Amino acid sequence: MRGDLKNAVGGGLVMALGLYALVSAPEFGIGTPTNMGAGFFPMALGICGLVSGAVIAVPALFRARTVPQFQWRPLAAVAAAILAFGLVSSAFGYVPGVAAATLLAALGDRRNGPGSIALLTVAIPAAIWLVFHLGLQISPPAFKGF
Amino acid sequence: MELFTIGFPTAFSAEALLYCFLGVFLGTFVGVLPGVGSLAAVSLLLPVSFYLDPTIALIMLSGVYYGAEYGGSTASILLNLPGTASNAITCLDGYPMTKQGRAGVALFITSVTSFLGGTIGILLLMSLSGWITQVALSFGPAEYFAAMLFGLLAAATIGQGPPTKGIAMVVAGLLLGTVGAEVNTGVRRFDFGYFELFDGISIAIVAMALFGVSEIIASVNSPGATQDRVSVSLRSMIPTRNDIRRSALPVLRGASVGSLFGALPGTGPSIATFMAYAWEKRIARQPERFGKGAVEGIASPESANNAAVQTAFIPTLTLGIPGTPTMAIMLAAIMVHGLTPGPGLIASSPELFWGLVASFWIGNVFLLVLNIPLIGLWVSILNIPYRILYPTIVCLICVGVYSLNNSLFDVWILLILGFVGYVLRVLDFNPAPLLLGFVLGPMIEENLRRAMLIARGDFMVLMGRPVSGTLLWMCLALLVFMAVSAWRRGNRYGQAVSATDE
């Protein structure tokens, strides 16, 4: 594909967001300028989104090629870590959740060997338990279901 | 006067002193870490502040803020890796000084100039706030709408990156802010049926996702993570008489630039440091010394940085309008405790304002006094490889978000927005205007609605009033300026500098 893809995709996403807002606005009730309904502001913003997105995306299609560079490994690692945190914490408490998250997050950097990962998976949950359970006494349970 | 009758007694309580120190210490610590900026630091500690008295909460969060800005300069000088975006300028002359063996002097000078810049900023905060509050008390919804709109447009057009992208991000942020039940009619907008979204998305999650998570993903595997070990001794920190002589005026110039840009909405420490450096270089007798370890090149930006951090509180505390995302978090902290930001805040809660101002003095002294002996600690932290640090930060963010409402839903929001934030970064879109739009959105809508109701649907009435009219014309001027620049330079503003913002 030709064109400045970074800006084309970015502008396109903003346009899509604006379009969605514009389409959804009427169901909230638009009202009049004097008596604005809940949909008035989203409608106005939707239009702004379409315009500002277009201003970015359209010229971009004619410019020099740029391609967005994703770092897949860190992205996958961190996303998996947060996902794992959520799933494990809901079942077993946040300390096991942190252990799962640490394991997956650490895999994001190629330089982390099994030794480092193992060490982190033990050390970080322990530190988190100290700070958040003993220290700050936050409300979610540290361990549950055992 | 109130500073001494109300401010210092509040700030000198044991609890206040403890949290001020804690904030400054944690802030410097986090500021030293690459990949986590002052905004992420303040957002991370926002949940902790919920359990504290509002004045203490703000004292701590502010300490984190200016501590992080200072800590970032340490990383810039020693490793050429800015800890926060506004410290990027300090790398230019700070790192060469390290290579010349003058790291200690550089660190000492930045400590002292930060302190002096901060002092000047605080003095301005104290003297101008009363006057601005008086003016602001006559503000009606039209004026608030115009002021907030101007602040948003300024943030979008003057900040990093091309203005068109900034505006697109502001619009996206405003839309994100509409999620939840609308205040007047109770109509639920964009919540996809999830009752958890009734009150909208929590700002702490948005901030941590857009700035924390995405920054980490972008920083892992980056080449800067391998570094030579640096050590700094106390004796090596003493500057020469020449250094002191050369730094004196730059400190004042930097502080003036910093105070101005800090107080203006939309600009903050980043722009201030850049402008201060540019000014020094332009008026220097030997500009070729810059970039090779010129002391003026760190004295002025650091003074500007700290002055900007202090004066950023002026619009936030007097008008209730945050100029930067970090100030938006401060506002959130104020609102969470049930206080209403705006011109009435100083009058209704004088112990909050004056206690905070007094704590700035104390905190800046802490920064100065502590960071000189503690330099060894910060240096050893910088020697920890990033690949070990970042899983810790990811876990901190996860637990912090989870503990906000004991809700798993928030973690999923973190995941989604974190992914979105990373996509924005990869596409070179700066997320800072998005956060500002998100925070100001509900207030802008509310004020616009009221203003239009009063004006009976006639927008021209808003243009006719003196204050709101002037501001709205300035908004128009900004848009025209943006269109003209874009036309002339073909939208080529160069790469957006790293997207962490204040």
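So that the names make sense, note that chain A is the first sequence line, chain B the second, and so on, each numbered from 1. Here the structure is a predicted model, which is why all the values come from computation and not from measurement.
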- Any side-chain heavy atom of A/Met36 within less than 4.5 Å of one from B/Asn184? no
Here the gap from B/Leu175 atom CG to A/Phe41 atom CZ, rounded to the nearest 0.5 Å, amounts to 8.5 Å
For A/Ser116 and B/Arg387 the tightest heavy-atom approach is OG-NH1, 3.4 Å
Scan the side chains in residues 46-53 of chain A for donor-acceptor partners under 3.5 Å anywhere in the protein, sequence neighbours excluded, and list what turns up.
{"unit_1": "A/Ser52", "atom_1": "OG", "unit_2": "A/Cys48", "atom_2": "O", "d": "2.8"}
{"unit_1": "A/Ser52", "atom_1": "OG", "unit_2": "A/Gly49", "atom_2": "O", "d": "3.4"}

Without placing hydrogens or testing angles, list every side-chain donor-acceptor pair under 3.5 Å for residues 392-402 of chain B, not counting sequence neighbours.
{"unit_1": "B/Thr392", "atom_1": "OG1", "unit_2": "B/Ile388", "atom_2": "O", "d": "3.4"}
{"unit_1": "B/Thr392", "atom_1": "OG1", "unit_2": "B/Leu389", "atom_2": "O", "d": "3.1"}

Quick note, side chain to side chain donor-acceptor pair (under 3.5 Å) partners involving residues 405-416 of chain B, not counting sequence neighbours, are B/Asn405-B/Asp410
Closest non-hydrogen atoms of A/Ala38 and B/Val187, given as atom of the first, atom of the second and distance, are CB-CB, 3.7 Å
So, the part of B/Phe459 with a heavy atom under 4.5 Å from chain A: the answer is neither
When every non-hydrogen atom of B/Val171 is compared with those of A/Leu45, the smallest separation belongs to CG1-O, 3.5 Å
Should A/Pro42 and B/Phe190 count as side-chain neighbours, where that means a heavy-atom distance under 4.5 Å?
-> yes
Against chain B, residues from residues 79-86 of chain A with at least one heavy atom under 4.5 Å, in numeric order, are A/Ala79, A/Ala81, A/Ile82, A/Leu83, A/Phe85, A/Gly86
When the 4.5 angstrom heavy-atom criterion is applied to A/Val98 and chain B, the contacting part is both
d(A/Thr32 OG1, B/Met452 CE) to nearest 0.5 Å is 8.5 Å
_Stepwise side-chain contact (heavy atoms from CB on, under 4.5 Å) check, B/Thr178 with A/Phe28_ = CA-CA 12 Å; B/Thr178 60; A/Phe28 305 138; over 6 Å; no
